[in-house]
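Just below is one structure, and these are the notes that go with it.
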Amino acid sequence: MQQHNVLILDFGSQYTQLIARRVRELNIYCEIHPYNKIPQNLNDFKAVILSGSPSSVRSEEAPHPDLSEIRGKKPLLAVCYGAQYLAHFSGGLVAPSNTREYGRANLSYVKEGEEFLANISKGSQVWMSHSDTIKELPTNGKLLASTNDVENAAYKIDGEKTYAIQFHPEVYHSTDGKQLLQNFLVTIAGVAQTWTPDSFVDETVAGLKAKVGNDKVVLGLSGGVDSTVAAVLLHKAIGSNLHCIFVNNGLLRKNEYTDVLKQYEGMGLNVKGVDASARFLNELAGLSDPEAKRKAIGKVFIDVFDDEANQIEDAKWLAQGTIYPDVIESVSVNGGPSATIKSHHNVGGLPDFMKLKIVEPLRMIFKDEVRRVGKSMGIDAELLGRHPFPGPGLAIRILGDITSEKVRILQEVDAIFINGLKESGLYNKVWQAGAILLPVNSVGVMGDERTYEKVVALRAVESTDGMTADWVNLPYEFLQKTSNNIINKVKGVNRVVYDISSKPPATIEWE
Ligand code: XMP
């Protein structure tokens with residue numbers, strides 16, 4: 001890695017990824033590593049940040065890593081639990097606090113003349129979230145800031161570039177948090193602000209060339225943002241040695257297969273479209289259980305992809321659109337689910353394509369960075385702004401069993417809804433939207449005739465990562481127009497409802 005690099009040691013805080021996001025927003029590259037796997041190559045890092053943690057430093061099970069190769073040797077910023085850990089092990093005293101310290105607070109004292117606190121003033125709002133507090137500073141500790149309830153809200157250790165803050169600079173509610181990170185990283189640690197989408201592209205393309213050489217790479221395109229950006233990066237590096245496969249599972253949106261394929265070809269990608277709709281629908285026939293449907297789709301996908309990948313002679317690599325949150329999850333402090341999933345595979349029984357070496361050009365960047373990288377490479381804004389779409393596609397939005405007629409109905413409904421959102425300027429205000437075909441008929445009247453037809457639900461949510469979500473308050477006029485359009489234009493549907501459930505307790509998809 002040519003860039004100046006910052007190490008974030010993760011003690012298991014829910015906010016650790018946010019620290020990384022804030023650092024990256026300063027155009028500084030950083031990596032998160034769990035506290036129990038401190039990288040060997042510390043020389044590669046210009047500065048270190050210790051994260052928060054749900055633990056108490058006073059507990060024996062709490063993270064207590066050896067920091068002797070870091071403290072005093074590298075610029076160090078300790079946040080929340082990190083600040084307490086530093087105090088606890090350096091002659092200070094950490095004890096349970098008498099008052100609950102969660103939420104907003106304001107700095108009531110700010111030491112003057114400190115580079116660390118440049119442009120941060122008394123009254124600045126910070127975000128607290130801790131139940132222990134630092135009662136006594138560590139040896140050589142000097143107080144830098146306080147709030148009304150927390151005296152030792154910020155301190156430094158004299159003679160070192162070691163700083164600690166009890167509050168969370170990474171959360172939005174700490175209004176000067178980014179300034180504080182900048183003071184520490186840029187002014188004190190001297191880290192260069194050179195991490196940009198363009199620099200990422202240059203570095204990644206060079207890295208891919210070196211890694212893959214003249215080998216052939218196979219990549220499964222999904223029409224989504226991640227696989228597309230990964231493909232364009234690889235294409236820049238190895239040109240036609242990148243072989244993309246785009247499978248139509250028959251469960252895509254209306255015209256999506258042909259439209260996206262055309263778009264990929266226009267981008268100069270070496271892509272083979274494989275229309276396997278019939279194979280998928282055959283395998284799904286008669287299945288109503290959501291998990292059985294997902295498994296059937298997964299199985300056919302693997303078979304189809306394996307057949308296609310095997311036709312690419314001498315392919316050595318499989319490229320994947322894995323992004324940083326998946327990587328962090330898999331190496332997280334408590335070991336993520338990805339680790340467990342892999343251990344269940346019997347390598348001998350894997351399909352051939354899974355035995356290829358893996359290359360993941362996006363494994364160190366977040367979703368919003370993937371979009372910025374895509375933009376800097378000239379990928380169409382509409383493609384980059386696409387809502388997430390689940391791998392099993394419309395199959396998990398057709399409740400119960402699947403037939404080609406149901407797929408057709410849902411494709412029509414979905415197209416009216418999504419095009420309507422685009423035409424009304426609402427598409428980019430919504431994180432994900434789609435329609436669901438319910439397994440019930442309801443009575444209606446059209447003209448003088450009684451009808452007994454399908455009900456569809458519309459769902460539009462706002463979210464940042466899909467983990468939690470809330471339904472979007474779409475304008476009544478929009479809903480009214482969309483409902484009219486659907487009922488008048490889609491044969492077989494006589495009723496439209498709008499899903500007003502948040503996640504949790506509901507999920508985004510209905511299956
Ligand atoms: P839920 O329904 O769990 O969805 O709230 C959260 C996000 O994940 C997507 N999703 C899937 N994506 N395969 C996928 O590739 C799946 O089986 C799957 N199930 C849900 C969903 O669209 C939402 O963005």
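Just so you know, ligand 1 is whichever comes first in the structure, and atom 1 is the first atom listed for that ligand. Worth saying up front: this structure is predicted, and the values here are computed from it rather than measured.
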| field | Nearest protein heavy atom under 4.0 Å from atom 8 (O) of ligand 1, yes or no | value | no

Identify, for [atom], the protein heavy atom at the shortest distance, and state residue, atom and that distance.
{"atom": "atom 11 (C) of ligand 1", "value": "Pro390 CB, 3.6 Å"}
{"atom": "atom 16 (C) of ligand 1", "value": "Pro392 CD, 3.5 Å"}
{"atom": "atom 24 (O) of ligand 1", "value": "Gln432 OE1, 2.8 Å"}
{"atom": "atom 4 (O) of ligand 1", "value": "Ile508 CB, 3.9 Å"}

| request: Calculate, to the nearest 0.5 Å, the distance between atoms CZ and OG1 belonging to Arg372 and Thr196 respectively. | output: 8.5 Å

| request: Enter the distance from Asn494:CG to Asn441:CG here, rounded to the nearest 0.5 Å. | output: 7.5 Å

| field | Verdict with supporting geometry, Tyr257 and Phe246, ring pair (Phe, Tyr, Trp, His ring centres under 6.0 Å) | value | CA-CA 8 Å; Tyr257 177 59; Phe246 179 40; 5.6 Å; yes

| remark: Min over Arg294, Glu509, Lys293, Met467 of heavy-atom distance to atom 2 (O) of ligand 1 lands on Glu509

Output the list of atoms in ligand 1 that are nearer than 4.0 Å to some heavy atom of [X], sorted by atom number.
{"X": "Lys503", "result": "1 (P), 3 (O), 5 (O), 6 (C)"}
{"X": "Gly391", "result": "12 (N), 13 (N), 14 (C), 15 (O)"}
{"X": "Trp431", "result": "24 (O)"}

| Phe366 six-ring centre to Arg21 NZ/CZ under 6.0 Å and within 45° of normal | yes

| task | Only counting residues at least two apart or in another chain, list the ones meeting side-chain hydrogen bond (donor to acceptor under 3.5 Å, both in side chains) with Arg24. | result | Glu369

| Any side-chain heavy atom of Ile297 sitting closer than 4.5 Å to one from Phe280? | yes

| request: Fit a plane to each ring of Tyr35 and Phe11, take the angle between them on a 0 to 90° scale, and name the class: parallel (under 30°), tilted (30 to 60°) or perpendicular (over 60°). | output: tilted

